[in-house]
There are 2 protein chains.
Amino acid sequence: MAHPTPRSTRAARPRPAGRTPRAERTRAAILHAAELAFAQEGYAATRLEDVAEAVGIRRASIVYHFRDKREIYDAVLADLLSGFEARLAEALAIEGCLLVRIEAGVGAWVDYLGQRPSLARLLLREVADAPSAGPSLLAEVKPIADLVKRFHDETRDDPLARRKPVDPVHLASAVVGTTVFFVAAMPRLVPSGAFDPLDPDTLARHRSEVLRITRRLLGVESHSCAAEEAR
Amino acid sequence: MAHPTPRSTRAARPRPAGRTPRAERTRAAILHAAELAFAQEGYAATRLEDVAEAVGIRRASIVYHFRDKREIYDAVLADLLSGFEARLAEALAIEGCLLVRIEAGVGAWVDYLGQRPSLARLLLREVADAPSAGPSLLAEVKPIADLVKRFHDETRDDPLARRKPVDPVHLASAVVGTTVFFVAAMPRLVPSGAFDPLDPDTLARHRSEVLRITRRLLGVESHSCAAEEAR
DNA sequence: GTCTATAGAGAGATAGAC
DNA sequence: GTCTATCTCTCTATAGAC
């Protein structure tokens with residue numbers, strides 16, 4: 001048994017769709033508090049007691065909105081991931097050559113992590129906790145993977161793509177690993193709070209480093225479209 | 001409270017130094033089984049019950065060798081880290097220009113993760129679970145950080161170093177994040193076991209990708225010393 | 001919708017026999 | 001050194017009142 005509690009497979013809502021505004025607010029407040037708690041403490045270490053306290057209600061009241069702890073976690077993760085999915089779709093939709101659009105996508109990723117660093121912490125845990133075989137995480141990430149795949153298909157003719165300079169798995173682990181570590185891990189590795197990855201300047205520097213890695217892994221030196229298309 | 005059980009600060013051994021060969025074997029077996037369990041399941045989800053079963057003894061017997069669960073975990077992590085420390089020291093001691101030695105160090109890191117992938121999983125969890133402020137992980141990694149710092153000092157005169165092309169924090173998160181994700185996370189993200197980062201060929205490819213990232217982040221195109229020193 | 005109160009399970013720690 | 005047996009704590013989940 002890898003996971004203490006298996007991912008919830010039951011209906012997502014304990015109540016029918018129609019919710020009162022009050023319930024809606026409480027529900028949102030629970031999600032927000034839970035996101036912070038899960039990011040800070042981890043799934044197992046997070047006590048529903050503390051989440052309730054942060055919201056200003058009692059533990060048992062949470063159950064009115066969510067069937068169990070796992071359902072809250074799933075909702076938090078889904079919210080974070082779908083948020084990025086939307087941003088990524090926007091970014092990939094811009095006009096421009098392949099490289100410009102890839103850069104837009106990678107940039108959107110870095111920016112999104114900067115705005116919602118909880119995602120970095122949750123991802124760290126997700127990959128650490130996911131059972132070796134289970135397709136759990138895979139299912140959650142699928143919409144995003146589909147998006148990337150669609151993008152890949154529709155740009156198959158691009159000269160850059162045809163060069164196939166690097167294995168996508170390597171590129172993915174480089175981009176995702178680097179950013180997630182930068183946001184979630186480095187603050188805990190460099191001495192006493194002297195480092196804040198969310199500081200706008202710091203994040204901007206990181207963003208350009210990641211773009212540099214991306215371009216260079218792709219075998220491209222310049223970041224101008226013209227230079228690329230002139231080959 | 002971030003950690004369910006704080007890192008153990010008491011004496012490392014429940015018994016004086018002199019151990020019987022039998023006890024020594026049992027102790028080693030516990031450490032080995034615990035390493036696998038912690039890597040596979042995580043700290044909280046690992047039951048001492050299961051570790052004992054894997055060793056072939058009873059749960060209570062573990063307590064003879066280790067004061068508590070945390071002490072086992074600390075011992076496992078220390079073993080993994082000190083193993084790398086030794087390899088890194090070797091790698092950095094070789095003759096050659098700065099770039100060659102940096103490459104040796106990075107290569108040693110990738111190779112070591114390939115041999116002891118548990119370290120990747122534990123690191124993933126460590127950074128995810130470490131309390132925001134606590135210097136716990138920092139203390140564990142200190143010997144390695146010192147080693148890198150010594151290396152940095154003694155190569156201060158190198159032309160490559162003087163160019164200071166990139167912030168060390170960015171470089172570190174790139175190298176560590178990329179490798180850790182590659183080894184520990186990607187197998188759980190690509191469909192059903194079609195990907196094995198520990199396969200010698202796959203790992204070798206990854207190794208060269210990481211070296212490529214390193215060189216390019218450093219602003220160096222060629223990997224020959226001659227090319228670098230000719231500037 | 002939110003509360004109080006309680007049931008129930010899991011897992012780590014401890015005491016003491018062999 | 002390793003065992004059996006037990007204790008205790010924590011946290012989730014549930015029942016039912018307001």
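In the text below, chain A, chain B and the rest are named by the order of the sequence lines, each starting its count at 1. The structure presented is a predicted model; accordingly, all values stated were derived computationally and were not measured.
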Detail all sub-3.5 Å separations between protein N/O atoms and N/O atoms belonging to nucleotides 15-17 of chain D.
none

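- Ring orientation note: the planes of A/Phe38 and A/Tyr73 are nearly perpendicular, at an angle over 60° on the 30°/60° scale.
- In this structure, B/Arg47 atom CZ and D/dT10 atom P are separated by 21 Å, rounded to whole Å.
- Between A/Thr26 and C/dT2 there is a side-chain polar atom (N or O) within less than 4.0 angstrom of OP1 or OP2.
- Protein atom CZ of B/Arg59 is 5 Å distant from nucleotide atom C1' of C/dG12, rounded to whole Å.
- Between the CZ atom of B/Arg58 and the C1' atom of D/dA5 there is a distance of 12 Å, given to the nearest Å.
- Residues satisfying the salt bridge (charged side-chain N to carboxylate O under 4.0 Å, His left out) criterion with A/Asp201, sequence neighbours excluded, are absent altogether.
- B/Thr20 has a side-chain polar atom (N or O) that falls below the 4.0 Å cut-off from OP1 or OP2 of D/dG1.
- B/Gln115 meets the side-chain hydrogen bond (donor to acceptor under 3.5 Å, both in side chains) test with B/Arg87; sequence neighbours excluded.
- Distance B/Ile62 CD1 to D/dC3 P: 10 Å, rounded to the nearest Å.
- Remark: B/Tyr64 is not in phosphate contact with D/dT2, judged by side-chain N or O atoms under 4.0 Å from OP1 or OP2.
- Here C/dC3 is the nucleotide among D/dT14, D/dG1, C/dC3 with the atom lying nearest to any side-chain atom of A/Ile57.
- Distances from the side chain of A/Lys69 to the nucleotides C/dT4, D/dA13, D/dG1 place D/dA13 closest.
- Shown here are the salt bridge (charged side-chain N to carboxylate O under 4.0 Å, His left out) partners of B/Asp111, two or more places apart in sequence or in another chain: B/Arg207.
- For B/Thr202, the side-chain hydrogen bond (donor to acceptor under 3.5 Å, both in side chains) test picks out B/Asp199, with sequence neighbours left out.
- The separation between B/Arg67 atom CZ and C/dA13 atom C1' is 12 Å, rounded to whole Å.
- As a whole-Å value, the separation of A/Glu49 CD from D/dC9 P is 17 Å.
- The side chain of B/Arg22 lies closest to D/dG1 when the candidates are C/dG1, C/dA13, D/dG1.
- The side-chain hydrogen bond (donor to acceptor under 3.5 Å, both in side chains) contacts involving residues 173-184 of chain A comprise A/Trp109-A/Thr179, A/Thr178-B/Thr178, where partners must be two or more places apart or lie in separate chains.
- Among A/Val183, A/Leu203, A/Leu122, the one residue that satisfies the side chain to side chain contact (heavy atoms under 4.5 Å, CB included) test with A/Pro117 is A/Val183.
- A/Glu24 places its CD atom 14 Å from the C1' atom of C/dG1, with the value rounded to the nearest Å.
- One can place CG of A/Leu48 at 17 Å from P of D/dT10, the figure rounded to the nearest angstrom.
- Taking side-chain N and O atoms only, B/Ser61 has no distance below 4.0 Å to OP1 or OP2 of D/dG1.
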